[in-house]
2 protein chains.
Amino acid sequence: MSGTASHTPVTISFIAESAGVSVPTVSKVINGRAGVAADTRSRVEALISEYGYRKPVVTRNNTMELVFDQLEHQWGLEIIRGVQRVAREQGIGVILTEFGPQSSTIRYWIDDTLARRPACLVSVAQLSDGERDQLRARGIPFVVFDPTGELPDDVPFVGATNWSGGRSATRHLIELGHRRIAMIGGPDAILCCRARLDGYRSAIEAAGLPIDPSLIVPTELTRDHGQAAALDLLRRPDRPTAVFCCNDLQALGVYQAARSLGLRIPADLSVVGFDDLPITSLADPPLTTVHQPLFDMAQAATELALTLGRGEKARQPRLELATTLTVRNSTAPPASRRR
Amino acid sequence: MSGTASHTPVTISFIAESAGVSVPTVSKVINGRAGVAADTRSRVEALISEYGYRKPVVTRNNTMELVFDQLEHQWGLEIIRGVQRVAREQGIGVILTEFGPQSSTIRYWIDDTLARRPACLVSVAQLSDGERDQLRARGIPFVVFDPTGELPDDVPFVGATNWSGGRSATRHLIELGHRRIAMIGGPDAILCCRARLDGYRSAIEAAGLPIDPSLIVPTELTRDHGQAAALDLLRRPDRPTAVFCCNDLQALGVYQAARSLGLRIPADLSVVGFDDLPITSLADPPLTTVHQPLFDMAQAATELALTLGRGEKARQPRLELATTLTVRNSTAPPASRRR
DNA sequence: CTGAAAGCGCTTACAG
DNA sequence: CTGAAAGCGCTTACAG
């Protein structure tokens, strides 16, 4: 009996009637007020637990939503922490959703989100036009985190300076003396990959070096694809002395390829990644990579979203935070230079 | 003016008065009902946005809390996903808190949590006696995830079979032919470390081998400490042929130590870790380790907590899920055996 | 210790 | 299109 879920929620007056007491008495029990006889109290408590009564929570948007497409191992946490930090300072609870591989048994995420009436939403997923419309219709402001594609001009977002990052990574290699620098790129559909590639090109051109299209290999953003691309590049007779990768996983693939060909990093080959995943400092050798300030980006996105949620205008609703080059031990002057 | 936060929340009747209309009219605007003149509607909307009125959310515990002490990079996410998955199927939002390094500027987490009246709470942190009392007083059931210390008998928890895991890891090494097997352990205060160590001892004894106390080195659960402990062990003339580590980070430290001494893994030294962190499959060679079913544990903990939150009795409120040995490439028969 | 009464913020018919 | 009236679930004095 008590396990059966009834669809009309149990009310305080229903409990009162069942217990044969008045509504105020039940209210006192629920709120732990004095002035209720011990046996009355325990009778009411028994009914409350039998019927599963729970006091309704009346809140005014003291939560926000954080939505992920897929919670990636290496960067999801950094984002969560940044959002958490800012929200907590403002007494806001962060409700986290990963919609992940869509399954019909799982309710559509946006219905739940809308029903919770959050103060705002930060989306690490690319929201569809329809989803954005639904949020707007309900007056729930949202911020897109690190958008992967083009976004209409009125959509607030927080990203990273991908172009500058690609440029400074490449310039670092040039300054070490490298002249044949390959780039293992990402899918053209992903905006940040295009930006990183253009940053690479820009640095090459700024140094007055020629761009060799055969040194640019676009592929998927995985370790295995990085390895395959690197094997192709490194088996060439005029192999590059340095490789800049669109992300860290690809760079770890380059490590594997180099090792299997007997090339030492950085003595025979310099490698630069992008993202600064936690594992990169554990790699052997520790990877030189472009740091994405995910934690700061998450904080900025949350501040922006909460500001919009308060109905205030944001001074800067579309921004990119600066990447920084983290130099570790996977880069060195090319062999030819060192002797 | 509009940015000023007033402490008495703005009500619908205040908006009605300001707009010179009735309360029902404002209600219609807020809920998007028909039957409001366009100019009335826009006048009311302007006031709503000016005073920042937000409709109160009346919910009956459709959220739960997930609390972390510190969100660790390697395992936090797996836990979050498991909790998320189960909660979402039941239409429950997961509010995530990391209390992290306590700071006076950040409000005390439990006050916020209590105020939100969640259906239940899953704690990846060791809750203090006082915190548990507060939760009980408010009728918020909780489950401790993977407790690190002893817990009173009435506290529900979900853990992993650490003792069995330590035992099967060690047995794996024995079956490969190892006889001198070292253990790099963890701090004695952490319950799971003691369990893993006892599992190691149990396997050694079950095989009729002697326990050599000098091969048991307790230290911190970090890579650096693992490396230091391994250097000590591996420099001995009678060095062990295999090392079982209390966690994966220590095992990665053993990798470093072995490399610096010119020992190959697994040819000269077998290594087993514990936890099965995502990075272990990327290590070189991929690490043999004891898999903790964090995702399943998180699902079980959430189901348990939600069951308790419904006021139902749980059949099994204190349980451990089985660990499994994941054999990769860091273990092999000892050199002496192979020729 | 109990509950009738008044009141809160909000919504829902429905009369004009 | 508007709002008076009744009603919802709940809380707060306060009379007995």
Side-chain angles (χ1 to χ4, degrees), chain A residues 5-63 114-119 137-140 311, chain B residues 5-63 114-119 137-140 311:
Chain A
S6 86
H7 262 268
T8 47
V10 185
T11 63
I12 202 175
S13 72
F14 174 77
I15 298 291
E17 198 183 344
S18 312
V21 298
S22 72
V23 164
T25 300
V26 178
S27 176
K28 280 176 214 165
V29 171
I30 286 159
N31 295 292
R33 304 256 185 285
V36 183
D39 64 328
T40 308
R41 184 179 294 274
S42 61
R43 192 150 38 92
V44 170
E45 276 170 349
L47 262 346
I48 285 173
S49 109
E50 178 179 354
Y51 289 109
Y53 173 81
R54 311 220 99 212
K55 178 171 158 165
V57 195
V58 180
T59 53
R60 283 169 202 268
N61 306 96
N62 62 358
T63 62
L114 260 23
R116 285 191 285 260
R117 302 187 158 271
R138 303 293 189 98
I140 300 171
Chain B
S6 87
H7 262 268
T8 46
V10 185
T11 62
I12 202 174
S13 71
F14 174 77
I15 299 291
E17 198 182 342
S18 314
V21 298
S22 71
V23 164
T25 299
V26 178
S27 175
K28 280 175 214 165
V29 171
I30 285 157
N31 296 292
R33 304 256 186 284
V36 184
D39 64 328
T40 308
R41 183 179 295 274
S42 59
R43 193 151 37 93
V44 171
E45 277 169 349
L47 262 348
I48 284 174
S49 110
E50 178 178 354
Y51 290 109
Y53 174 82
R54 310 221 99 211
K55 177 171 159 167
V57 194
V58 180
T59 52
R60 282 169 201 270
N61 305 97
N62 63 356
T63 61
L114 260 24
R116 285 191 286 260
R117 304 190 156 269
R138 303 295 189 96
I140 300 172

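In the text below, chain A, chain B and the rest are named by the order of the sequence lines, each starting its count at 1. Predicted model, so just to flag it, every value in this text is computed and none were measured.
Across the strands present, D:dA13 finds no partner; the criterion is a Watson-Crick or G-U wobble pair with both atom distances under 3.5 angstrom. C:dA4 makes up no base pair with any nucleotide shown, lacking Watson-Crick or G-U wobble contacts both under 3.5 Å.
Rounded to the nearest 0.5 Å, atoms NZ (A:K28) and CD1 (A:I30) are 12.5 Å apart. Here B:S42 contributes atom OG and B:I48 contributes atom CD1; the two are 11.0 Å apart, rounded to the nearest 0.5 Å. Separation of atoms OG (A:S27) and NZ (A:K55) is listed at 7.5 Å; rounding is to 0.5 Å. Here the straight-line distance linking atom OG1 of B:T63 with atom CZ of B:R117 works out to 11.5 Å at 0.5 Å rounding.
In this model, the phosphate group of D:dG9 is not approached by any side-chain N or O of A:Y53 to a distance below 4.0 Å at OP1 or OP2. Taking side-chain N and O atoms only, A:S27 has a distance below 4.0 Å to OP1 or OP2 of D:dT11. Look at B:T40 and you'll find a side-chain N or O under 4.0 angstrom from OP1 or OP2 of D:dT2. In terms of phosphate contacts, A:T25 brings a side-chain nitrogen or oxygen within less than 4.0 Å of OP1 or OP2 of C:dG3. Phosphate contact (OP1/OP2 of D:dT11, side-chain N/O of A:R33, threshold under 4.0 Å): absent.
Scanning both residues, A:V10 and A:Y51, for their nearest heavy atoms gives CG2-O, 3.3 Å.
With rounding to whole Å, B:N31 atom CG is found 8 Å from C:dT11 atom C1'. Look at CD1 on A:I15: it is 18 Å from C1' on C:dG3, rounded to the nearest Å. For B:I12 and D:dC8, the CD1 to P distance is 18 Å, given to the nearest whole Å.
A:V23 comes within 4.0 angstrom of a nucleotide base, judged by non-hydrogen atoms across all strands. Nucleic acid contact for B:R41: none, since no nucleic acid atom lies under 4.0 Å from a heavy atom of the residue.
For B:K28 and D:dG3, a side-chain-to-base donor-acceptor distance below 3.5 Å is present, hydrogens and geometry of angles not being considered.
Among C:dT2, D:dG3, C:dG3, the nucleotide with an atom closest to any side-chain atom of A:P24 is C:dG3.
Distance noted for atom C1' between C:dG7 and C:dG3: 16 Å (whole Å).
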